[in-house]
Every structure is written in structure tokens, then in C-alpha cells.
Amino acid sequence: MTRRVFLVGFMGSGKSSFGRRLAAHTGWDFVDTDAEIEQRAGMSVSEIFSTRGEQFFRELEEEVIGEITVGTPTAATTAMKTTVFALGGGAVCRDGAMEHINASGTTFYLRMPPDRLVKRMSEHGRARRPKIAGMNDAQLLAYIQKTLPEREKFYKMANFVVECGGRTDAQILEQILEKL
Ligand code: S3P
């Protein structure tokens with residue numbers, strides 16, 4: 001078993017990009033739960049939503065998270081190897097999920113201000129995310145302002161809240177690394 005590091009947060013907060021950079025910098029493994037779900041389903045997240053519905057996607061998500069969190073890491077296994085997991089933005093937004101994930105590794109909430117989330121998600125970035133596909137900046141900002149408060153109660157249960165506002169990518173990475 002490996003030590004596990006989980007990145008949680010809203011769509012566009014950089015869970016996958018920081019996760020990948022963290023892994024490249026340290027030599028750790030990197031797993032993106034959305035990519036894992038796509039591989040299992042043999043289709044993209046957008047296709048899963050449109051052909052099977054969000055509920056089916058959430059079931060796959062829960063299954064993947066259940067598998068990657070099996071067992072409690074011990075000091076001995078922790079010394080061996082680390083895997084960084086980027087979790088989909090909605091993956092932890094149900095009762096019990098954060099408690100479960102916190103028990104199986106170290107969790108970080110990448111807390112990115114709404115205006116920066118909007119800037120970080122390009123047209124392509126929005127198109128591949130079914131919940132926000134086709135939104136313009138104003139619509140996306142309104143969606144984030146409505147949804148983020150509902151989701152933050154889960155995200156904030158992470159072991160560490162990484163304040164990303166006003167920080168460069170390098171400073172954000174540094175904040176994560178210094179806690180590990
Ligand atoms: C979702 C976030 C997405 C993906 C799916 C649903 C959400 O992941 O799992 O489109 O409900 O917030 P990212 O947070 O990696 O974009």
C-alpha cells in the first residue's frame with residue numbers, strides 16, 4: 001500500500017494540473033479519478049452523462065473511490081511510495097465521503113476564488129465538463145457562486161485548505177509540499 005495524497009476542490013481549481021506537477025516534481029504516482037472512470041466506461045465523462053445520466057457517473061465515481069481508499073496506511077507502507085489522486089469536483093460532496101477519504105490519506109482542498117476559476121476554465125475546459133458546458137463567463141460565475149457554498153462544507157473538511165487566491169502556481173505547489 002502507498003501513502004495517499006488527495007486533492008479536492010471545485011472544477012477548474014487545478015486538482016489534475018497541480019497533481020500532475022506534484023507527481024513530476026517528486027517522482028510520485030498520479031491518478032485522476034475522472035480518467036479512471038472514462039477508462040472503465042470506455043467513454044468520456046460527457047458521454048457518460050449524456051447516455052447514462054449523472055447518477056450512473058456518480059456510481060462509477062463511488063466505486064473508483066471505494067477501491068483507491070481500501071485499507072488504512074501504516075507508517076511502514078507510508079515510507080515506501082506515494083500516490084497523488086485528483087478527485088472529481090463532485091466526488092466528495094455527499095455525507096461520509098470526506099471522512100472516508102481523510103481516513104485513508106492526506107487531503108488538500110485547493111481553494112480558488114470564483115473569478116479565478118472562471119478564468120482557468122477555457123471554452124474547451126467547460127465543454128468537457130457536462131455541468132457547465134456551453135456557459136459564458138457570467139453564467140459560469142453565477143453557477144460557481146451558487147454551487148461553491150453548498151460544496152465547500154465538504155471541501156473544507158480536508159486536512160489542509162490551500163489558499164490559492166493571489167498565489168502563483170509555484171507557491172501553491174510549495175504550500176502542498178511543505179505539509180507532506
Ligand atoms: C464534476 C467535476 C468534474 C467531473 C464531472 C463532474 C462536478 O471533475 O467529475 O464533470 O460535479 O464538479 P473536475 O473537478 O476534475 O473538473
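Sequential numbering from 1 along the given sequence is applied to the chain's residues.
For the residue pair S46/R128, the side-chain donor-acceptor check at 3.5 Å is not satisfied.
Screening residues 140-154 for salt bridge (charged side-chain N to carboxylate O under 4.0 Å, His left out), with sequence neighbours left out, gives R111-E152, K146-E150, E152-K156.
Annotation for A158 and V8: closest pair CB-CG2, 4.4 Å, computed over non-hydrogen atoms. Counting all heavy atoms, side chain and backbone alike, F18 lies closest to L7 at C-CD1, 4.3 Å. The heavy-atom pair separating I172 from C164 by the smallest distance is CD1-CB, 3.7 Å.
Put simply, the side chain of Q145 never gets that close to the backbone of P114: no donor and acceptor are under 3.5 Å apart. In terms of modelled atom types and a separation under 3.5 Å, the side chain of E38 and the main chain of S44 share no donor-acceptor contact. Between the side chain of R3 and the main chain of K81, no donor-acceptor pair closer than 3.5 Å is present. Side chain of Q171 to main chain of T168: a donor-acceptor pair is present (N/O by atom type, distance under 3.5 Å, no hydrogens or angles).
Scored by the side-chain hydrogen bond (donor to acceptor under 3.5 Å, both in side chains) test, R40 finds E36, E63, E67 as partners (sequence neighbours excluded). Partners of R58 by salt bridge (Lys or Arg N to Asp or Glu O under 4.0 Å), not counting sequence neighbours, listed by chain and number: E54, E61. By the side-chain hydrogen bond (donor to acceptor under 3.5 Å, both in side chains) test, T107 is found to be paired with N102, N159, residues two or more places apart in sequence or in another chain being considered. For the ring-ring contact (aromatic ring centres under 6.0 Å, His included) test, residues two or more places apart in sequence or in another chain that qualify with Y155 are Y109. The side-chain hydrogen bond (donor to acceptor under 3.5 Å, both in side chains) check on D115 picks up nothing, with sequence neighbours excluded.
The line from CE of M157 to CD of E99 is 3.5 Å long, rounded to the nearest 0.5 Å. Here CZ of R20 is found 4.5 Å from CZ of F30. Values are rounded to the nearest 0.5 Å. To the nearest 0.5 angstrom, T33 atom OG1 is 8.5 Å from K15 atom NZ. Between the OG1 atom of T26 and the CG atom of L180 there is a distance of 9.0 Å, given to the nearest 0.5 Å. The structure places CG of L60 at 10.5 Å from CD of Q55, a figure rounded to the nearest 0.5 Å. Once rounded to the nearest 0.5 Å, the distance linking CG of D29 with OG1 of T82 reads 9.0 Å.
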Practice problem: For side-chain contact (heavy atoms from CB on, under 4.5 Å), just list the numbers for V5 and T83, CA-CA rounded to whole Å, side-chain angles, deciding distance to a tenth of an Å, and then say yes or no. | Solution: CA-CA 6 Å; V5 174; T83 303; over 6 Å; no
Exercise. In sequence, state the C-alpha distance, the side-chain angles, and the governing distance for I132 and M121, and then conclude on side-chain contact (heavy atoms from CB on, under 4.5 Å).
Key: CA-CA 10 Å; I132 57 167; M121 286 189 278; 3.6 Å; yes
Quiz item: After noting the C-alpha distance and the side-chain angles of V84 and F6, does the key distance pass the side-chain contact (heavy atoms from CB on, under 4.5 Å) rule?
Solution: CA-CA 6 Å; V84 185; F6 298 100; over 6 Å; no
Exercise. Please assess L87 against I101 for the test side-chain contact (heavy atoms from CB on, under 4.5 Å), listing each intermediate value before the final yes or no.
Key: CA-CA 10 Å; L87 303 183; I101 294 162; 3.7 Å; yes
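Salt bridge present: D137 and R126 bring a charged side-chain N and a carboxylate O closer than 4.0 Å. Using a 4.0 Å cut-off between a side-chain N of Lys or Arg and a carboxylate O of Asp or Glu, R52 and E47 do not qualify as a salt bridge. A salt bridge links R116 with D169: at least one charged nitrogen is closer than 4.0 Å to a carboxylate oxygen.
When side chains are defined from C-beta on, L173 counts as touching R21, because their heavy atoms get closer than 4.5 Å. By the 4.5 Å heavy-atom criterion applied to side chains, K131 and Y143 are counted as neighbours. Between I68 and R4, the closest side-chain pair of non-hydrogen atoms is not below 4.5 Å. In this structure, the side chains of R120 and S17 come closer than 4.5 Å at one or more pairs of heavy atoms. Between L140 and N136, the closest side-chain pair of non-hydrogen atoms is not below 4.5 Å. The closest side-chain heavy-atom distance from F10 to L110 is not below 4.5 Å.
Counting non-hydrogen atoms of neighbouring residues, nucleotides and ligands closer than 6.0 angstrom, the CD atom of E123 reaches no more than 12 such neighbours. For CG of D95, the number of neighbouring non-hydrogen atoms (other residues, nucleotides, ligands) closer than 6.0 Å is 12 at most.
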